[in-house]
Structures are given as structure tokens and as C-alpha cells.
Amino acid sequence: MAVMMPTMMFGQLFRNVTVEKLDGTQPGDHKVAGLSRDGKYVLLTSMSGKGLERISLADGKKVTISELDGAGIQPLLSHDGQVVVHCTDTFGEDHLRRTSLSVTDLALGTTQALAPPSRQLRGYRLTETHAEAVMEEGPLVRRKARQTATDVALEADDRPAVMSRDLQLQVVQGEETRTLSPNGEGEDVSYLWASLSPDGQRIAYYVSNEGTYVCNLQGEDVQFIAHDCLAPQWYDDNTIVGMKERDDDLFIASSVIVAYTLDGCRQELTDPSQVMLFPFCSSEARRIVCSTGNGEVYVLKIEE
């Protein structure tokens, strides 16, 4: 496997970054789980992925989406923040996990089932009109995501969805889910934190004990980004934002949010005095959201 290695250069990628606490957020068992592409709403879950809330960045207003296990693990939020696809994890008498999918229309306050509890879920995605689930066997499961009449004016989104499931890298598009192994296979190779670039052409992902990489939708043209970039997310098509943490084997001692470009530049965006974790980005709104070590939510306002 040939991997491109950029030469890392420190510099100023963004002219000014303002860090502000989001009104209404309090310390607790919280972490950020998503951000709408227009930058108006953030998703919040627990550190274990139990429960899911939507919070408005404008006024801090909260709406509970689910209180169940697994709801905060890779939820999908529509561009306008009004539709969410989320999971529920349950365990049977055989002690095996089964995952179901639901679609919540927050504009109407309704939730409908997308896929029943199963061990055959391969992947899922959300377009501006429909939610889709791919199962190991059987046809694609497709449900209308919005219950309002306004969706007739929306264009379908053909972008794939990328995710990390069972420590593998997956691309969901149409009725197909592809499992990629751009850095090889094996018990010691785990793929985490998959993120799709805004142009829908590349995937950023983290390989355990190695660092963050980028590849195309076929798992080719692999490029190494950084060893110290955990939870990578695309800011724009040339910039990836992640967290750089230092721990003492028991607790996270420090964690800063850092931006990396594909050509090798980097910039620390937060102060090491605060533990900042799990960034999500919206270049459209010039916002990055993250949670602190004690569960508060902060918003980074970007001046480019």
C-alpha cells in the first residue's frame, strides 16, 4: 500500500478563532454527536452514546430525540436540522446486540421506524427526502424522511454516507454498502471516526494506534494526515479538524482542537488549559462545535 505523506508545517490557517460556551449547556455526561450542515443545530449524546438531543446554536433550546441506548452513535442530521436518523441498541437473551433504526421529523415531533432490531444492518443514509437502510439480506429499506408537503421542492441528495461500523470502514450508496480496507485488514487494524468530505469524494478516518488518513470512495489514493488527530471531521475539502489529546493512562490530561490541511499545514484552535473533545464542523456557517471534558458545549467561530 502506497501512502502519501505530507510535510507538516505550522501556520495560521484561519485568521481568527473565537471560542464561546453555548448558552444553556451544563456540565454532565455529554458529548457532541453531530452538527447540521447549515451550522444551526448540534446533536448531543452521552459518552456511551445513550440518548440524543438537538440543541439550537442560536438560543440553546433543546429538543429530546431519544433516551435509548445507541441513539447517539453515528446519528444522521439533515441540512436544516429538522430530520434525524438514529439507532437503538438492544440485547436479547443470547446477549447479542441488535440495532434498529428510526427517523424523527422534529418539525412535527413524529418518529417512525425505518428498520426493526436486527444483526443484519449493513449501513444507512439520509437524503433531503428519504431515509435508507441497507440490510445483509433483502431489498433496500426506504422511508419518506419528511412528513410535511414541502419536501416536494427538495432535490434528492445522491451523496454516499460513510461510517465506521464494527471497526470497519463502510460506504453506503443506493442499495450497496462497500467495506473498505485502505490500510489493510487484521485484528490490529481498526477503523474509527469516518467522515465524508463536503464534495462527497473523499473519506477521512482514524486507524487505531496509527493516526488519521484520507482515501477516495474506492479506498485508494491513501494519504496520511497526522498521528495526533483523533475524531477527524472535514471542515472543507482541504481542511480536517480533529482533537489532539494527552492522557496519563487513566484520564485525559489535555486535549486541543487542531486543524490540518491536506498539503501539510496545521493550526491549534483552542487553548490546552481546556479539554476540548469530538469536534464537528460546518464551513457553510464557519462554525466548529465540540464538548469539554466535563460535558459543556463550546462553539468555535471561524474567520478565514
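Both backbone and side-chain heavy atoms feed into the values below; hydrogens, waters and symmetry mates do not. Remember, predicted model here, so these are calculated numbers, not experimental data.
With Arg98 contributing its side chain and Arg119 its backbone, the two residues share no donor-acceptor pair below 3.5 Å. Proximity of a side-chain donor or acceptor of Thr127 to a complementary backbone N or O of His130 within less than 3.5 Å is detected. Using modelled atom types, no side-chain atom of Ser102 and backbone atom of His86 make a donor-acceptor pair closer than 3.5 Å. Without hydrogens or angle criteria, Ser66 side chain to Ala71 main chain gives no donor-acceptor distance under 3.5 Å. In terms of modelled atom types and a separation under 3.5 Å, the side chain of Asp228 and the main chain of Leu230 share no donor-acceptor contact. No donor-acceptor pair under 3.5 Å is formed between the side chain of Gln170 and the backbone N or O of Ser164. A donor-acceptor pair is defined here as one N or O able to donate and one able to accept, closer than 3.5 Å; no such pair exists between the side chain of Thr292 and the backbone of Val275. Remark: the backbone N or O of Cys265 is paired with a side-chain donor or acceptor of Thr261 at under 3.5 angstrom. Between the side chain of Thr45 and the backbone N or O of Ala33 there is no donor-acceptor pair closer than 3.5 Å. With Thr104 contributing its side chain and Leu106 its backbone, the two residues share no donor-acceptor pair below 3.5 Å.
Residue Thr239 is tested with Tyr260, Phe14, Trp234 for a side chain to side chain contact (heavy atoms under 4.5 Å, CB included); the sole match is Phe14. Of the residues Phe280, Tyr206, Tyr213, the one that meets the ring pair (Phe, Tyr, Trp, His ring centres under 6.0 Å) test with Trp193 is Tyr206.
Counting non-hydrogen atoms of neighbouring residues, nucleotides and ligands closer than 6.0 angstrom, the NZ atom of Lys61 reaches no more than 12 such neighbours. In this structure, Asn209 places its CG atom where only 12 or fewer heavy-atom neighbours from other residues, nucleotides or ligands lie under 6.0 Å away. Environment of CD in Glu185: sparse, with no more than 12 heavy atoms of neighbouring residues, nucleotides or ligands closer than 6.0 Å.
Taken from CD1 in Ile257 to CD in Gln267, the straight-line distance is 13.0 Å, to the nearest 0.5 Å. Taken to the nearest 0.5 Å, the CD1 atom of Ile302 stands 8.5 Å off from the CG atom of Asn16. Atoms CG and SG, from Asp221 and Cys215 in turn, are 9.0 Å apart once rounded to the nearest 0.5 Å. Put simply, CG on Leu269 and OG1 on Thr18 are 11.5 Å apart, with the number rounded to the nearest 0.5 Å. The structure places CG of Asp105 at 8.5 Å from OG of Ser78, a figure rounded to the nearest 0.5 Å. Of the inter-residue distances, the one linking Leu192 atom CG with Gln168 atom CD reads 11.5 Å to the nearest 0.5 angstrom.
Between Arg143 and Glu132 there is no salt bridge, since none of the side-chain N atoms of the basic residue sits less than 4.0 Å from a carboxylate O of the acidic one. A salt bridge does not link Arg287 to Asp38: none of the charged side-chain nitrogens sits closer than 4.0 Å to a carboxylate oxygen. Taking a cutoff of 4.0 Å between a charged side-chain nitrogen and a carboxylate oxygen, Glu20 and Lys301 qualify as a salt bridge. Taking the charged nitrogens against the carboxylate oxygens, Arg37 and Glu284 have no contact shorter than 4.0 Å, which rules out a salt bridge.
Residues Met276 and Val256 fail the side-chain proximity criterion, which asks for heavy atoms closer than 4.5 Å. Side-chain atoms of Met135 and Leu121, non-hydrogen and from C-beta on, do get closer than 4.5 Å to each other. A 4.5 Å side-chain heavy-atom check between Pro279 and Tyr235 finds every atom pair outside the cut-off. Counting heavy atoms from C-beta outward, Leu300 and Val289 have side chains that stay 4.5 Å or more apart. With contacts defined as side-chain heavy-atom distances shorter than 4.5 Å, the pair Lys244/Arg266 qualifies. When side chains are defined from C-beta on, Val172 does not count as touching Pro160, because their heavy atoms never get closer than 4.5 Å. Contact check for Ile55 versus Leu22: side-chain heavy atoms found under the 4.5 Å cut-off. Looking only at side-chain heavy atoms (C-beta outward), Leu180 and Val171 come within less than 4.5 Å of each other.
Side-chain atoms of Tyr205 and Asn183 include a donor-acceptor pair closer than 3.5 Å. A donor and an acceptor atom, one from each side chain of Asp89 and Thr99, are located under 3.5 Å apart.
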*Assess whether side chain to side chain contact (heavy atoms under 4.5 Å, CB included) is satisfied between Ile240 and Val214, documenting all intermediate values.*
CA-CA 10 Å; Ile240 292 170; Val214 168; 3.4 Å; yes

*Please test Ser254 against Glu245 for side chain to side chain contact (heavy atoms under 4.5 Å, CB included), starting from the C-alpha separation and ending with a verdict.*
CA-CA 6 Å; Ser254 68; Glu245 69 174 35; over 6 Å; no

*Intermediate values then yes/no, side chain to side chain contact (heavy atoms under 4.5 Å, CB included), Tyr298 and Glu296*: CA-CA 7 Å; Tyr298 277 76; Glu296 295 176 324; 3.9 Å; yes

_If you apply the rule side chain to side chain contact (heavy atoms under 4.5 Å, CB included), what do you find for Leu262 with Ile225, and how did you get there?_
CA-CA 7 Å; Leu262 299 185; Ile225 301 300; 3.7 Å; yes

*Are Lys50 and Glu67 close enough, and set up right, to give a salt bridge (charged side-chain N to carboxylate O under 4.0 Å, His left out), and what steps lead you there?*
CA-CA 7 Å; Lys50 181 177 181 178; Glu67 297 180 346; over 6 Å; no

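For Tyr124 against Gln74, the heavy-atom pair with the smallest separation is OH-O, 2.8 Å. Taking both residues in full, the closest heavy atoms of Cys229 and Gly242 are given as SG-CA, 3.8 Å, listed atom of the first, atom of the second, then distance. Between Cys281 and Val241, the shortest heavy-atom distance links the atoms SG-CB, 3.7 Å. The two residues Met163 and Gly123 make their nearest non-hydrogen contact at SD-CA, 4.1 Å. Heavy-atom minimum distance, Pro75 versus Leu52: CB-CD2, 3.9 Å. The minimum heavy-atom distance linking Leu101 with Ala133 is given by the pair CD1-CB, 3.7 Å.
Both tests pass for Lys31 against the ring of Phe278: distance under 6.0 Å to the centre and angle within 45° of the axis. With a 6.0 Å cutoff to the six-membered ring centre and a 45° limit on the axis angle, Arg97 does not count as a cation-pi contact of Phe91.
Val207 and Leu169 fall within the same hydrophobic cluster, defined by Ile, Leu, Val, Met, Phe, Trp and Tyr side-chain heavy atoms under 4.5 Å apart, directly or through other members. No path of Ile, Leu, Val, Met, Phe, Trp and Tyr side chains, each step under 4.5 Å between heavy atoms, connects Leu126 with Ile65, placing them in separate hydrophobic clusters. Val63 and Leu68 are not part of a single hydrophobic cluster, where members link through side-chain heavy atoms under 4.5 Å apart. When the side chains of ILVMFWY residues are joined at heavy-atom separations under 4.5 Å, either directly or via intervening members, Leu35 and Val19 end up in two distinct hydrophobic clusters.
Annotation: salt bridge (Lys or Arg N to Asp or Glu O under 4.0 Å) contacts involving residues 188-217, sequence neighbours excluded, comprise Asp199-Arg202.
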